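Residues take their numbers from the sequence shown, with the count starting at 1. Keep in mind it's a predicted model, so treat the numbers as computed, not measured. Hydrogens, waters and symmetry mates are skipped; everything else that's a heavy atom, side chains included, is used.
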Amino acid sequence: MLTEVADAVRLQEGPPGVRSVLRALRRLAPASTKDLSRATGLPVPIVAALGNELRRRDLVTKERPSRLTESGQDLVAQLGMDLTLDATCRTCDGRELVIPDVLDEAVRRLRALMESGPAADMAIDQSHCTAETKVRRVLALLTAGALPGGSLLLIGDDDLVSLAVAVVGDVLGAPIVEQVTVVDISPEILDYIRKVSAGLGTRVETVRHDLRLPLPAELHGQHDVAMTDPPYTPEGARLFLSRAVEGLRPGPAHSVFFSFGGKSPDEMLEVQREIMALGLVTNGYIRNFNEYEGSGILGGVGFFQHLLTTTSTAPSHEGEFSGPLYTGDKRTRRREYTCVACAAKIHVGPGARWTSVAALRADGCPSCGKGPFRPGRLVPAEEPGTPAEQSPPPAPAPAGAPAPAPAASTAPVAPAPRTPGWHRPSDADRAALAERARPYVTRQADERDLPAIGRFEAEIARVSFGEDAIDDPERWASRLGRAMEKSKEGMLVAHRPGEEPVGWCWVSINQNAMTGDRYANFRSLAVSPVDNRGDVAELLLTAGLEFCLANGITEVVGRVHVGNVPMRTVYRKFGFDPTSLAMKLFLPEGNGTR
């Protein structure tokens with residue numbers, strides 16, 4: 001039975017992997033798929049697929065969270081796994097480090113900094129670790145004797161560990177490091193680190209650099225300790241660790257702290273070979289040390305490894321790197337997903353209509369327009385696409401709702417040719433729109449609008465995330481207030497003169513970290529249920545696009561929840577084209593005239 005289940009989902013770990021899931025169910029029940037993923041180290045989709053196979057054999061309950069059925073309990077007893085002893089430390093939960101009370105303030109401050117910081121870019125394997133994880137990483141540096149003092153090199157820092165080091169030092173009353181050097185490709189991340197660290201007393205140097213290229217010569221051999229949380233591929237581990245080694249001082253016993261997500265035994269063997277090839281030795285390893293606010297496929301956790309240099313340590317990749325680096329670059333197999341609402345089978349992955357389950361969720365089931373989706377088997381390379389993928393019906397159109405607040409995104413690669421989907425309206429058309437939207441007009445948002453904007457964002461969150469939404473208007477108002485401190489440009493409201501806003505639109509101008517191209521990100525659009533709501537929305541969106549043209553922007557991207565049909569309709573009305581996760585629009589060159 002164990003072999004049959006393992007073969008059904010093509011589980012690389014084989015029967016032992018199935019045993020680990022049964023053992024975890026026996027110990028943790030009732031247990032969610034995420035709980036089982038964390039307990040076994042298997043990715044969430046794999047655990048879900050195993051659960052489905054065990055249900056087919058009446059070994060696991062159909063109700064969730066899951067339990068073993070009576071047959072499942074008999075099987076576990078037959079396999080000799082009915083003994084339940086848990087020796088995990090209840091104080092540290094197996095992480096080996098406990099945050100002392102004196103650093104509770106650091107956790108709170110870092111949590112606030114995360115709320116106003118740059119969003120994660122899933123396309124390049126970013127997934128922000130929690131504030132508690134940031135502080136634990138600093139504690140790991142202190143416990144290992146790598147700090148206080150010396151210089152710390154961070155190879156990539158979307159987790160803002162540099163700010164964690166600075167905040168901990170500020171809370172303790174003095175810097176705990178002589179200098180932190182951050183090397184990252186994202187100007188948003190580096191700008192944010194520079195701005196925040198300036199008032200914390202720790203010397204933080206930021207270097208914008210594409211790590212596919214060797215480290216700048218001035219960073220070679222200059223640092224006492226390094227830390228990296230690379231893309232979750234063997235290639236990513238090798239490259240980022242090699243760059244870390246480039247930046248360390250020569251000689252043995254210098255520390256490299258390495259965070260990574262759990263992989264199959266064969267993939268982890270590749271990673272360990274890369275570590276050995278660099279001449280590094282493992283000094284410590286803590287499973288599930290890192291908790292992430294994303295990375296759902298890995299159960300939201302990853303391991304933390306303390307490596308030491310030796311007399312044999314040397315970079316393994318000193319030249320330019322041009323191969324696949326990120327998880328998305330490495331996918332070669334499709335997986336079958338089942339729509340919970342209608343049982344349609346849909347293939348997801350390379351060569352399929354949807355390359356990721358996130359893209360499928362954004363579009364909705366091609367048969368019924370709904371979801372969610374349960375992962376199933378890996379699809380053989382020769383198997384054709386499903387009928388549902390080949391001829392999708394039109395999506396249903398429920399009642400109106402405000403537009404969701406999309407996460408910040410990088411601009412997708414532009415298709416050819418670039419055909420402008422929208423032109424600035426003529427004076428006559430602009431006047432007609434203004435007349436239809438009366439008595440409401442648009443203006444730049446400011447601090448007096450924050451209470452109303454907070455309510456809009458809370459409603460947007462409810463539309464987008466349902467019960468999981470952060471829907472506290474005051475919290476949103478506080479967050480948008482911090483964003484206003486950076487720049488009010490692109491923040492627009494619609495209002496009746498002298499009254500509070502009835503509509504809110506936010507467009508930010510970003511830069512693609514890889515290409516350097518500027519683009520606009522449509523972050524929010526919401527309108528109260530006034531009589532001419534559609535016209536007010538059109539007025540706000542037009543003002544937002546005119547803002548883009550005025551700033552020389554020719555590409556606009558935005559995201560919309562699959563259930564928000566009104567906003568999808570507005571996007572299409574304005575000429576946006578659906579492009580997987582994002583929707584984009586190309587504006588005319590120059591001043592926008594034909």
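Residues Leu141 and Met227 are in side-chain contact: their nearest non-hydrogen atoms beyond the backbone lie under 4.5 Å apart. In this structure, the side chains of Ser151 and Gln222 stay at 4.5 Å or more apart for every pair of heavy atoms. Contact of the Leu278 side chain with the Ile275 side chain is not registered, since no non-hydrogen atoms from C-beta on lie closer than 4.5 Å. Side-chain contact check for Met81 versus Arg19: some heavy-atom pair is nearer than 4.5 Å. No side-chain heavy atom of Phe257 sits under 4.5 Å from any side-chain heavy atom of Asn283. At a threshold of 4.5 Å between non-hydrogen side-chain atoms, the residues Ser255 and Leu307 do not count as touching. The shortest side-chain heavy-atom distance between Ile286 and Phe303 does not fall under the 4.5 Å cut-off. Here the side chains of Leu103 and Arg109 are not in contact, with every heavy-atom distance at 4.5 Å or above.
The nearest pair of heavy atoms linking Glu267 to Pro234 is O-CG, 4.2 Å. Annotation for Pro230 and Ala237: closest pair CG-CA, 4.0 Å, computed over non-hydrogen atoms. Between Leu36 and Ala31, the shortest heavy-atom distance links the atoms CD2-CB, 3.8 Å. In plain terms, the two heavy atoms of Pro30 and Pro65 that are nearest each other are CB-CG, 3.8 Å. What you find for Asp158 and Asp184 is that their closest heavy atoms are N-OD2, 3.8 Å. The nearest pair of heavy atoms linking Pro15 to Ala6 is N-CB, 3.9 Å.
Under 4.0 Å is where a charged nitrogen must lie from a carboxylate oxygen, and between Arg95 and Glu132 no such pair does. Looking at Arg111 and Glu115, no side-chain N of the basic residue comes within less than 4.0 Å of a carboxylate O on the acidic one, giving no salt bridge.
In terms of modelled atom types and a separation under 3.5 Å, the side chain of Ser162 and the main chain of Val182 share no donor-acceptor contact. Formation of a donor-acceptor pair under 3.5 Å by the Arg287 side chain with backbone atoms of Arg38 is found in this model. Counting only distance, with no hydrogens or angles, the side chain of Arg243 and the backbone of Pro315 share no donor-acceptor pair below 3.5 Å. Between the Glu485 side chain and the Ala483 main chain, no donor and acceptor come within less than 3.5 Å of each other. Listed for the Ser20 side chain is no donor-acceptor partner under 3.5 Å among the backbone atoms of Thr40. The backbone N or O of Gly251 sits less than 3.5 Å from a side-chain atom of Thr309, completing a donor-acceptor pair. Checking side-chain atoms of Ser197 against main-chain N and O of Ile193 turns up a donor-acceptor pair under 3.5 Å. A donor-acceptor contact shorter than 3.5 Å is absent between the side chain of Thr181 and the backbone of Leu153. In terms of modelled atom types and a separation under 3.5 Å, the side chain of Thr310 and the main chain of Ser312 share a donor-acceptor contact. Proximity of a side-chain donor or acceptor of Thr133 to a complementary backbone N or O of Cys129 within less than 3.5 Å is not detected.
A donor atom on one side chain and an acceptor atom on the other are found under 3.5 Å apart for Asn290 and Ser259.
With rounding to the nearest 0.5 Å, the separation of OG1 in Thr206 from CG in Leu154 is 11.5 Å. Here the straight-line distance linking atom OH of Tyr192 with atom NZ of Lys195 works out to 7.5 Å at 0.5 Å rounding. Interatomic distance, Phe260 CZ to Asp229 CG, rounded to the nearest 0.5 Å: 9.0 Å. Between the NE2 atom of His317 and the OG atom of Ser242 there is a distance of 7.5 Å, given to the nearest 0.5 Å. Here the straight-line distance linking atom NE2 of His223 with atom CD of Glu178 works out to 11.5 Å at 0.5 Å rounding. Here the CD1-CG distance, from Ile176 to Leu147, works out to 5.5 Å after rounding to the nearest 0.5 Å.
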Test log, rule salt bridge (Lys or Arg N to Asp or Glu O under 4.0 Å), inputs Asp224 and Arg249:
CA-CA 6 Å; Asp224 301 299; Arg249 301 187 195 281; 2.9 Å; yes
Decide yes or no on side-chain contact (heavy atoms from CB on, under 4.5 Å) for Glu235 and Glu274, but give the supporting numbers first.
CA-CA 9 Å; Glu235 293 83 359; Glu274 302 296 354; over 6 Å; no
Can you list the steps and then say if Leu280 with Val245 is a side-chain contact (heavy atoms from CB on, under 4.5 Å)?
CA-CA 9 Å; Leu280 298 170; Val245 167; 4.3 Å; yes
Residues Leu42, Leu50; criterion side-chain contact (heavy atoms from CB on, under 4.5 Å); working and verdict
CA-CA 10 Å; Leu42 295 171; Leu50 287 170; 4.0 Å; yes
Using the side-chain contact (heavy atoms from CB on, under 4.5 Å) rule, take Val180 and Glu205 through it: C-alpha gap first, then chi angles, then the decisive distance, then the call.
CA-CA 6 Å; Val180 179; Glu205 177 187 357; over 6 Å; no
Going through the checks in order, is the salt bridge (Lys or Arg N to Asp or Glu O under 4.0 Å) test met by Asp35 and Arg27?
CA-CA 11 Å; Asp35 291 336; Arg27 180 168 61 89; over 6 Å; no
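More than 12 heavy atoms of other residues, nucleotides or ligands sit less than 6.0 Å from atom CZ of Arg64. No more than 12 heavy atoms of other residues, nucleotides or ligands shown are found within 6.0 angstrom of CE on Met276. More than 12 non-hydrogen atoms from other residues, nucleotides or ligands lie less than 6.0 angstrom from CD of Glu218.
Taking the ring centre of Phe289 as origin, the terminal cationic atom of Arg136 falls inside the region bounded by 6.0 Å and 45° from the ring axis.
When Thr313, Val281, Val256 are each tested for a side-chain contact (heavy atoms from CB on, under 4.5 Å) with Leu308, only one passes: Val281.
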